[in-house]
Amino acid sequence: MQRLYDTREGKKVDLALREPGKVGIYVCGVTVYDLCHVGHARTLVAFDVVARHLRARGLEVRLVRNITDVDDKIIRRGHAEGRPAAEVAKHYADAMMADMLALGVAPPDVEPRATEHIADMIEVIRRLEARGLAYAAEGDVYYAVAGFPSYGALSGQSIDALQAGARIEVGEHKRSPLDFALWKGAKPGEPAWPSPWGLGRPGWHIECSAMAHRYLGDAFDIHGGGSDLIFPHHENEIAQSEGAYGSFARYWMHSGMVNFGGEKMSKSLGNVVTIRRVAETHDLEALRLLLISVHYRSPANFTIARDAEDRVVYPELDEAEARLDYFYRTLERLDAFLAATKLGGEPPSSEPASKADAAMDDDFNTAAAIGHLYDAFVLANKLLDDAKALPKAERARTLAAIARDARSIGATLGIMRRPPSEFLVARRERLCVRRKIDGAAVEARIAERSGARARKDFPRADEIRAELKAAGVELMDTPTGTTWRVTG
RNA sequence: GGUGCCGUGGCCAAGUGGUAAGGCAAGGGUCUGCAAAACCCUCAUUCCCCGGUUCAAAUCCGGGCGGCACCUCCA
C-alpha cells in the first residue's frame, strides 16, 4: 500500500486511487523566463521519482506537467532583451527541457503550455462567471473569493486571517483584497488574446485549472508542486477548479525548498545556482543524488563556498559525487565478476531491495532507500573481496542479486543508469581539468615507477608516488597493474 | 501579527509509541614492499529545554527557547 503525505490533511494517508491501477498526476512546472536553478531541479526530480516509483509498482501513471509561457516576468524579460515574450519563453522552455533531460528527469506524459490553452482557460472563467464566482471589471476578470467558503483550507488559513494581510495593487479593480485575477485586460506591448471580456491575457493561476481539467478530467489523484506554491497558487487553483467543476485533486503533495547555505543574496557568491552552472563542474547525476538524499518534504541544503584559490565550490555536491563514485565503482566490480561467472538460475530478491521498496512505499522515502543501497553495496564489496565468504554458487547468486536489485533501486531513484565506466571516466577527466592534471604525464610517471618497482627500487617508487600525490593524483597498485585517481 | 514546518552524534540525514538506519569526517585494524581502494571495529544510555500521558516517548500532549518557509513573484 502506497502512503503519502497529503498537505490538506496534514498527515500521511493511504493512496486510494479513483480508478484501480491508474494514477493521474498534475505537477506545476516552471515559468520559463530564465534558466532553471537547483530549486527547480529539486521539485521536478522529486515528482519524477514519485512517478518512477509508482510505475515500478505497476501503476499506469499519467503525469501532466505544465510550462508557464506567458507571465509578467517573461514579458519584462522580453522588453529588456528587445524581443517578443513568446521568443523568450521558447528559448527558456527549450533550455529547461534540455536541463531536465540532463538530470535524468523523464519527460512528462503531457507537457502543456499555457498559451496553447487559452480557449480552455476562457471556458473555465465562463463557468465561474455563470456560477457567480467571477466578475468582470474594467477589462479584467476576478475570482470572487467570498463565494468560495472553503478558501484557505489547503494552507490552513481562514479567509479572515488572509484578508488582514492582503492588499490591492495599484491598477487593480478587485472588490475584495483576496480576489485574484482570472483574466487581465490587454496593455500596450503585451501579448494578448481575444476573449469575451476583450483583448487580454490569462491570470496567474487559471492555466493549471484549465490544463489539469483538459488532460486529467474533473477529478484526478495527485497534485504536486513546490511548497512555495501552496499559497496562493494552489489555493486559487482549488477555488477555480472546484468552483467550475465541483471537484479537483484528491491528494496534494509539496516538495521542500533548497536552502542556499543560509547566505543572503550575494552577487559575489551568486546565491542562485543554475543547473547549467552545476554541470560545468559536476556530474548532474551527483546533483540528483544530493537532492534525493533528503526526504522530499524537508528543506535541502546547498552550500556555496570558496576554496583556497577563491573558486566557488559546492561541498555537498562534492560529497554526493564521491558517493556516486563509490556506487559506480562497486557496480563496475560486480559487472566484471558476473561477466566471468556462470550462474545457475535466477537469483532471489535481496533484502536491501525489498527494504528500499518499502521505504519508497512510505511517502517516497528516498533517503532511507539510499541507506539500504549502501547495505547492498557493502555486502557486494565484502563478497567480492572474499571468495570464501560463501559457498561458490551461493556467492555468485547473491552478487548477481545485488547487481540486479541495486540497479532496480537506481532505476526508481533515477541514478546509476549508465555503464559505470562512462561515469568514472568522465569524472576523472573532469577532476583532471579542475586540478590541472595532464593524464599522459601521469601515465609516463607511472611507467617510470613501474620500472623502479620491478628493480625493487622502492625508495624511487615512493618518491614518484609522493610527487603525484602532491599534485592530486593517487596511485593504486593492483594485480593487473597500477591505476590512478584524482583526489577530490 | 497570522499560518505551516522543523530542532537527532563534529557535519549531513532516516526514524511519528516499543527501546537510535545510512553517509561524511575522525581513531584503530585487515590487506599492501609502502600506499590507495575495499572490508572490519570504535564513534548519540540518547534525540533543544521543562513538565505531563503511558508498562513503554526522539516519536503523543502542554509550556518554553531556537531556526525556517509562506502570508508579495517564486520550484
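Naming convention: chains lettered A, B, ... in sequence-line order (proteins, then strands); numbering from 1 in each chain.
- Taking atom NZ of A/K456 as the reference point, atom C1' of B/G33 lies 7 Å away to the nearest angstrom.
- No engagement by A/T7 is indicated, since no non-hydrogen atom pair under 4.0 Å with the nucleic acid exists.
- As a whole-Å value, the separation of A/F260 CZ from B/C68 C1' is 15 Å.
- Using P as the reference atom, B/U16 and B/G7 are 12 Å apart when rounded to the nearest Å.
- Across B/C5, B/A38, B/A75, the shortest atom-to-atom separation from the side chain of A/R329 is found for B/A38.
- Residue-level contact check: A/F458 touches the bases, meaning some heavy atom is under 4.0 Å from a base atom.
- Distance from the side chain of A/A367 is smallest to B/A13 among B/C34, B/A13, B/A75.
- A salt bridge is absent between A/E190 and A/K184; no separation between the charged side-chain nitrogens and carboxylate oxygens falls under 4.0 Å.
- Between A/K382 and B/C40, a side-chain N or O to OP1/OP2 separation shorter than 4.0 Å is present.
- Comparing B/A38, B/G23, B/C73 against the side chain of A/R323 picks out B/G23 as the nearest.
- Remark: the A/R465 side chain and the B/A35 base include a donor-acceptor N/O pair separated by less than 3.5 Å.
- At a threshold of 4.0 angstrom between heavy atoms, the contacts of A/V258 include nucleobase atoms, whether or not backbone atoms are also involved.
- B/C43 and B/G2 have their C1' atoms separated by 44 Å, given to the nearest Å.
- Between A/D335 and A/R407 there is a salt bridge, since at least one side-chain N of the basic residue sits less than 4.0 Å from a carboxylate O of the acidic one.
- Put simply, the side chain of A/R76 reaches to within 4.5 Å of the side chain of A/D72, judged on heavy atoms.
- Comparing the same atom, C1', in B/G4 and in B/A44 gives a spacing of 30 Å after rounding to whole Å.
- Regarding A/K11, its NZ atom lies at a distance of 14 Å from the P atom of B/C60, rounded to whole Å.
- Comparing the P positions of B/A14 and B/G1 gives a spacing of 30 Å, expressed to the nearest Å.
- For an aromatic pair to be called close, the ring centres must be under 6.0 Å apart, and A/Y5 with A/F364 fails this.
- No salt bridge links A/D6 with A/K11; every basic N to acidic carboxylate O contact stays at or beyond 4.0 Å.
- Comparing the P positions of B/A56 and B/C68 gives an interatomic distance of 37 Å, to the nearest angstrom.
- Across all strands shown, A/G152 has no heavy atoms under 4.0 Å from either base or sugar-phosphate atoms.
- Counting distance only, with no hydrogens placed and no angle test, the side-chain atoms of A/D477 and the base atoms of B/C34 include a donor-acceptor pair under 3.5 Å.
- Residues A/H254 and A/H234 bring their aromatic ring centres within 6.0 Å.
- B/G23 atom P lies 19 Å from atom CD of A/E321, rounded to whole Å.
- Looking at the side chain of A/L162, the nearest of the listed nucleotides B/C71, B/C39, B/A75 is B/C71.
- Note on A/L229: only backbone sugar-phosphate atoms sit closer than 4.0 angstrom, heavy atoms only; bases stay farther off.
- In this structure, A/Y326 atom OH and B/G23 atom P are separated by 8 Å, rounded to whole Å.
- Of the two residues near RNA chain B, A/R297 and A/H372, the one whose nearest nucleotide lies more 5' is A/R297.
- Counting only heavy atoms from C-beta on, A/Y33 has its side chain closest to B/A75 among B/A38, B/A75, B/C40.
- The nearest whole Å value for the distance from the CD atom in A/E111 to the P atom in B/A75 is 15 Å.
- B/G15 atom P lies 12 Å from atom CD1 of A/I370, rounded to whole Å.
- Taking atom P in both B/C39 and B/G23, one finds a spacing of 9 Å when rounded to whole Å.
- With RNA chain B read from its 5' end, the first of the two nearest nucleotides for A/F377 and A/S293 is the one closest to A/S293.
- Taking atom P on both B/C48 and B/C12, the two are 14 Å apart, rounded to the nearest angstrom.
- Residue A/S298 is classed as a sugar-phosphate contact, given heavy-atom separations below 4.0 Å to backbone atoms only.
- B/U32 sits 24 Å from B/A26 when the P atoms are compared, rounded to a whole Å.
- A/Y251 is not listed as a side-chain neighbour of A/E9, based on a closest heavy-atom distance of 4.5 Å or more.
- Applying the 6.0 Å contact sphere to CD of A/E474 captures more than 12 heavy atoms from other residues, nucleotides or ligands.
- At a threshold of 4.0 angstrom between heavy atoms, the contacts of A/D462 include nucleobase atoms, whether or not backbone atoms are also involved.
- Nucleic acid contact for A/R449: base, since at least one base atom lies under 4.0 Å from a heavy atom of the residue.
- Within 4.0 Å (heavy atoms only), A/E474 reaches sugar-phosphate atoms of the nucleic acid but no base atom.
- No engagement by A/S227 is indicated, since no non-hydrogen atom pair under 4.0 Å with the nucleic acid exists.
- Using a 4.0 Å heavy-atom criterion, one finds that A/G156 contacts the sugar-phosphate atoms exclusively.
- Taking the side chain of A/M476 as heavy atoms from C-beta on, and the options B/A36, B/A14, B/A75, the nearest nucleotide is B/A36.
- When distances run from any side-chain atom of A/R333 to the nucleotides B/A38, B/C39, B/A75, the shortest one goes to B/A38.
- Listed nucleotides B/A75, B/G33, B/U3 differ in distance to A/Q157; the shortest reach to its side chain belongs to B/U3.
- Atom CD1 of A/I159 and atom C1' of B/G2 are 15 Å apart (whole Å).
- In this structure, the nucleotide among B/A14, B/G33, B/A35 sitting nearest to the side chain of A/A461 is B/G33.
- In the set B/G23, B/A37, B/A35, B/A37 carries the atom at the smallest distance from any side-chain atom of A/R485.
- Note: A/Y143 and A/F180 have parallel aromatic rings, judged against thresholds of 30 and 60 degrees for the angle between ring planes.
- Looking at heavy-atom distances under 4.0 Å, A/H295 makes contact with sugar-phosphate atoms alone, never a base.
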